[in-house]
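Written out below as structure tokens is the structure these notes cover.
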Amino acid sequence: MSKNREIAQIFDRIADMLDILEDNRFKIRAYRNAARNLSELGDDVETIAERSQLEEIPGIGKDLGLKIKEYIETNKITYYEELKKKAPEELVALLGIQGLGPKTLAKLFKELKVRNLDDLQKAIEGDEILELEGMGEKKVQDIKRGIQIFKESVKRTPLGIVLPIAETLISEIGKIPGTEGTVAAGSLRRMRETIGDIDILTKADDGQNVIKAFTELPFVKEVLASGGTKGSIIIKNGVQVDLRVVSPESYGAALHYFTGSKAHNVKLRTIALKKGFKINEYGIFRDQEKLAGETEKEIYSILGIDWIPPEIREDKGEIEASFEGRLPDLVELSDIKGDLHTHTKWSDGKSSIEEMALKAKELGYEYIAITDHSPSSRIAGGLSVEKLYEKKKEIEAVRKRLKGIKVLMGSEVDIKSDGSLDYPDEVLKDLDVVVASVHSGFKMDRETMTTRIVKALQNPFVHVLGHPTGRLIGERDPYDVDIDRVIRTAKEFGKSLEVNSFYSRLDLNNINVKKAVDIGVKIVISTDSHHADNLGMMRLGVATARRGWAEKKDVLNTLGYDELRKWLNSHSSR
DNA sequence: GCCGTTTTCGGCCCGACTGTTTTCAGTCG
């Protein structure tokens, strides 16, 4: 785990501790804000510290800068160690229980000496807990249920898993009489790579009845809350779903509000206040007068700026960009003309070349590249040179049979541990598309790994670096690589970097996409499909690219076939 | 504890739901 993440987690835990200790709430907010900025930072905090630029990180001032420095130098933060004595870590972890907040936890700690989950469960069973102020039978039951959910809790789920589920839900909710314009909000609408819970918004005049119908849908496992405008349920796979019902005249304001991100909303509201407006989920107001609320666009417009696409609402410069009229014109799924990274039965895929090509055609593409593995990927059925040329013959046959889709002959070639490629140059030069990827030796140190990848990028026949950091969401951290150097090398040698759309990869991530497009490196959005059905994951990659501010011009596979061929030929030594 | 299109000091987003209250506190997003 990177130092950025480690320090961010500590700052978050400090915030939790201060919350329980009832410290100044703005100080607590400062810690949370700093933690968020650190974890979303594209640059290595150690490098920033070396340059004495810590205080240039948003949310980091003199004090937190020193604490970061202390952690880098000594691997601990004294303030944090001191706090642990007053609010033990095991106790703080209990804040993860729904319905149990800092105030209640502090009370349980002080009055009943609750220090961990065991203590809490015992306290719940006893009678003493009912004597605490503000505590009743119902609340005890709530905490009990919270503990149950806490134990079974699913962590954040990858976007690619949640998206199809959410779409089913939205369609079901859309069938409830009186609803209209049912859509996703929250991190789902922003297409974050992982989703905590599913937020859905709908328009209706009779909220009470819609929420009631919602809580009675067949997939509901448990109802957490049910009111006149808002309902919360847990569905059978354990994911929480929140539905908000608003009236049509507030729909835009509510959609904006529930889409977030929180940081984006806070910044926008603060700006609104300074301009004499007030924004809430019902609209934008001056004094008591409601100026707008039906659409998101009106709200931005009254503030004097353009509508901001949800994918970049992270308070990462998009509000400033909007004020300056330089919002990016983000790439769209419909701009994509083909897929340049796919596998077939020839290696570890499940579909034939023809099936892949037909599916690509069905998606409206102009081309698809078939890029099976190279010999070193034994487990993945990597192709020997002989097999590779046999496959080429089949591709030629498919080309003759199929009209309306161009099939490119390619390979996903392993980058071996010394940075050389898994096929010799005279073989690579016969391929239309060469995607070079790391599939082994993930544990190398940063310098060795970076040198390895940089060397591969210097090969004159390589077009694309596949899944450049090797991370698997929720399973494997990225390998230790100096991504900035990789991006600079790609720029220098005219190579493209992949945004792998496979749901557990999304690699490059949004932060690195932004770095790449900022210096003019072309990205290519590919699916790495191992089945024809996986080609549809393209939308996840497009979303990731959009989150990284990529425009159509930044994306190689928005080029038409002829233009693409030109690019491929001019960017290698064929 | 941070930060400056009112400020280097004095602010820091806003409302719904629930339970335990009889006017509000805690929690959540």
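Atoms considered below: every heavy atom in the structure, side chains included; atoms not considered: hydrogens, waters and symmetry mates. Below, chains carry the letters A, B, ... as their sequence lines are ordered, and counting in each starts from 1.
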Taking B/dA16 as the reference, what is the distance to B/dG11 when you measure between their C1' atoms (whole Å, please)?
26 Å

Using only side-chain N and O atoms of A/K274, determine if any of them is under 4.0 Å from OP1 or OP2 of B/dT5.
no

Residues touching DNA chain B, which here means a heavy atom under 4.0 Å, drawn from residues 11-25 of chain A
A/N24

Using a 4.0 Å heavy-atom cut-off across all strands, classify A/S232 as base, sugar-phosphate, or nothing.
nothing

N or O in side chain of A/R244 less than 4.0 angstrom from B/dG29 OP1/OP2:
no

Contact class for A/I28 vs. all strands (heavy atom < 4.0 Å): base, sugar-phosphate, or nothing?
nothing

For a quick check, tell me whether the side chain of A/Y257 and the base of B/dG29 share a donor-acceptor pair closer than 3.5 Å.
yes

Got a salt bridge between A/E332 and A/K552, using NZ or NE/NH1/NH2 to carboxylate O under 4.0 Å?
no

Round to a whole Å and report the spacing from CZ of A/R145 to C1' of B/dC28.
13 Å

Over all strands shown, is A/K67 touching base, sugar-phosphate only, or nothing at heavy-atom distances under 4.0 angstrom?
sugar-phosphate

So, is A/N280 close to the B/dG15 phosphate, meaning a side-chain N or O under 4.0 Å from OP1 or OP2?
yes

Neighbours of DNA chain B within residues 76-100 of chain A, by heavy-atom distance under 4.0 Å
A/I97, A/Q98, A/G99, A/L100

Are the charged groups of A/D43 and A/K515 less than 4.0 angstrom apart, N to O?
yes

Indicate whether the side chain of A/N4 and that of A/E6 have a donor and an acceptor atom separated by less than 3.5 Å.
no

Please pick, from B/dC14, B/dG15, B/dG1, the nucleotide with the shortest atom-to-atom distance to any side-chain atom of A/L273.
B/dC14

From CZ of A/F323 across to P of B/dT5 the rounded distance in Å is 12 Å

